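Here is the structure we will look at.
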Amino acid sequence: MSAVNDTKFKSVIFLLTGLPSHGDAHLWISILFFYIYFISIVGNTFILFMVKTDPSLHEPMYIFLSMLAITDLGLSLSTMPTILSIYLFNSREISFDACLAQLFFIHLLQCIESSLLLLMAFDRFIAIHKPLRYTSILTLPRIAKMGLVAAVRAMVIILPLPFFLKQFQYCRANVLSQSYCLQRQVMTMACSDITDIIIYGLFTKLLTMGLDSLLIFLSYVMILKSVLSIASREECLRALNTCVSHLCAILLFYTPEISLSLIQSFGKGSSPLLLILLGYISMLLPPLINPIVYSIKSKQLRLRIIKLFTKQRVSSLPGSRDMGGNKHGPTIPSCTITSEMP
């Protein structure tokens, strides 16, 4: 009997679902997803490069931002193989083990990102409430320990998930409702009693995103309390402006995820297309938008990016190699170089 079950278990193949498209529409959707992943990977890699190479960005806020960029890179790389294979190669099949591996990394990285958003809320509270002690409280070793705790917590909570799912037999329709594997979709394919895994899934959601979102809300209550105690209106607005990027990251992460959970739980007659679109927004938008928002809103990071590209532009000008005292060839007046610099 065990041999029969093992054969049945190993033969499980899931079919992923993409947006309904034909002909030219399918081609344009493929190009769109390719550029979304390209921009996400380049953007987050660029953030990491800037923070690593520029000593002036070795501050708590940018270290947390680099952790967020690593997590967003991981999320992009976790969903990219299946989504691009659907649209570029029309390949919808995924084996059971590959599906479990993908859902493990997706849920793990989502849990880590939720923790990082909480840590970044704490960072903003310390920066506003105790600005003079900001760097002494959030030292590099302390930030490293906080990041390690976030990763270990996610690992402890998510690691049992694929092992639970592996215990079931799968004998129902094997078509998943998304272009990647998630715990909620895979467990509905099981022909066993899934009460335990439903309870465990609810427990993980409450312990991670539920608890983190509550603590983030309380952090911003304390931030508002600190900001309102500032006498100067200009300083008050400046303090609030430092939180805009983080608030955008929170909304990008939690809003699609909560909407998707509510629709899956209570919207029984909801459109499959709506679920697919919300799933794409939940997985693709944060890695795509986060580096753009932080690059625009963070003055220090924005100036470093402008300075980097301005240097490259100056070095590419004709005759720029002759500026070091070479008497032969055209030279560029110093005033011209100054005007190029920010």
Side-chain angles (χ1 to χ4, degrees), residues 15-53 65-94 98 102-103 105-106 109-110 112-113 116-117 176-182 244-245 248-257 259-260 271-298 301-302 304-306 308-310 312-313 316:
L15 294 178
L16 302 168
T17 303
L19 292 171
S21 59
H22 302 282
D24 291 341
H26 186 84
L27 175 63
W28 285 111
I29 291 173
S30 305
I31 294 172
L32 174 64
F33 279 113
F34 175 80
Y35 276 108
I36 286 174
Y37 278 114
F38 178 78
I39 295 170
S40 300
I41 292 171
V42 170
N44 286 290
T45 304
F46 188 73
I47 292 288
L48 290 173
F49 171 77
M50 292 298 297
V51 174
K52 186 179 187 305
T53 57
L65 177 58
S66 64
M67 291 180 180
L68 185 67
I70 292 172
T71 308
D72 283 339
L73 270 174
L75 272 174
S76 294
L77 295 175
S78 297
T79 59
M80 182 172 65
T82 52
I83 291 179
L84 290 186
S85 66
I86 290 173
Y87 293 104
L88 294 180
F89 308 109
N90 200 26
S91 174
R92 296 174 56 205
E93 292 186 353
I94 183 171
Q102 185 181 50
L103 71 85
F105 283 109
I106 289 175
L109 291 165
Q110 282 185 323
I112 293 175
E113 181 147 351
L116 288 175
L117 291 173
L176 302 179
S177 60
Q178 297 285 358
S179 302
Y180 44 84
C181 294
L182 293 176
V244 171
S245 301
C248 289
I250 292 171
L251 291 174
L252 284 170
F253 180 75
Y254 284 107
T255 305
E257 191 66 30
S259 302
L260 190 59
S271 167
L273 180 60
L274 177 62
L275 293 176
I276 294 173
L277 288 174
L278 277 175
Y280 285 145
I281 291 171
S282 174
M283 289 295 162
L284 303 181
L285 214 58
L288 175 68
I289 302 298
N290 282 341
I292 297 173
V293 170
Y294 273 95
S295 297
I296 294 173
K297 290 300 297 179
S298 173
L301 185 59
R302 185 173 69 248
R304 295 299 169 185
I305 293 172
I306 293 172
L308 176 66
F309 282 102
T310 306
Q312 291 180 350
R313 184 180 172 187
S316 65

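Not measured: the values here are computed from a predicted model. Count residues from 1 along the sequence. These numbers come from the heavy atoms of this one structure, side chains and all, not from hydrogens, waters or symmetry mates.
Looking at heavy atoms from C-beta onward, Leu65 lies out of side-chain contact with Met50 at the 4.5 angstrom threshold. Side chains of Tyr37 and Leu284 form a contact here, defined as non-hydrogen atoms less than 4.5 Å apart. Residues Ile112 and Met67 are not in side-chain contact: their nearest non-hydrogen atoms beyond the backbone lie 4.5 Å or more apart. Side-chain contact check for Gln178 versus Leu16: every heavy-atom pair is 4.5 Å or farther apart. Within the 4.5 Å cutoff, side-chain heavy atoms of Pro20 are placed close to those of Leu273. Between Leu77 and Phe105 there is no side-chain heavy-atom pair separated by less than 4.5 Å. Side chains of Leu277 and Leu19 form a contact here, defined as non-hydrogen atoms less than 4.5 Å apart. Ile47 is listed as a side-chain neighbour of Leu301, based on a closest heavy-atom distance under 4.5 Å.
With sequence neighbours excluded, no residue satisfies side-chain hydrogen bond (donor to acceptor under 3.5 Å, both in side chains) with Arg92. Thr71 pairs by the side-chain hydrogen bond (donor to acceptor under 3.5 Å, both in side chains) definition with nothing, not counting sequence neighbours. Checked against side-chain hydrogen bond (donor to acceptor under 3.5 Å, both in side chains), Lys52 has no partners two or more places apart in sequence or in another chain.
Note that the CD1 atom of Ile289 and the CD1 atom of Ile281 stand 11.0 Å from one another [nearest 0.5 Å].
Within a 6.0 Å radius of CZ in Phe46, other residues, nucleotides and ligands contribute more than 12 heavy atoms.
For the pair Tyr180 and Ile83, the tightest heavy-atom approach, listed with the atom from each and the gap, is CD2-CD1, 4.1 Å. Shown here for Gly74 and Leu109, the closest heavy-atom pair between the two residues is C-CD1, 3.3 Å. In plain terms, the two heavy atoms of Ser245 and Lys297 that are nearest each other are OG-CB, 2.9 Å. Taking both residues in full, the closest heavy atoms of Leu48 and Ser66 are given as CD2-O, 3.3 Å, listed atom of the first, atom of the second, then distance. Smallest separation of non-hydrogen atoms from Leu278 and Pro256: O-CB, 4.4 Å. Ser295 approaches Arg302 most closely through the heavy-atom pair O-CB, 3.3 Å.
Judged purely by atom type and a 3.5 angstrom limit, Tyr87 has no side-chain atom pairing as donor or acceptor with the backbone of Leu32. At distances below 3.5 Å, not a single donor-acceptor pair connects side-chain atoms of Asp72 with backbone N or O atoms of Ser40.
Side chains of Ser179 and Tyr280: a donor-acceptor N/O pair is present below 3.5 angstrom, by distance only.
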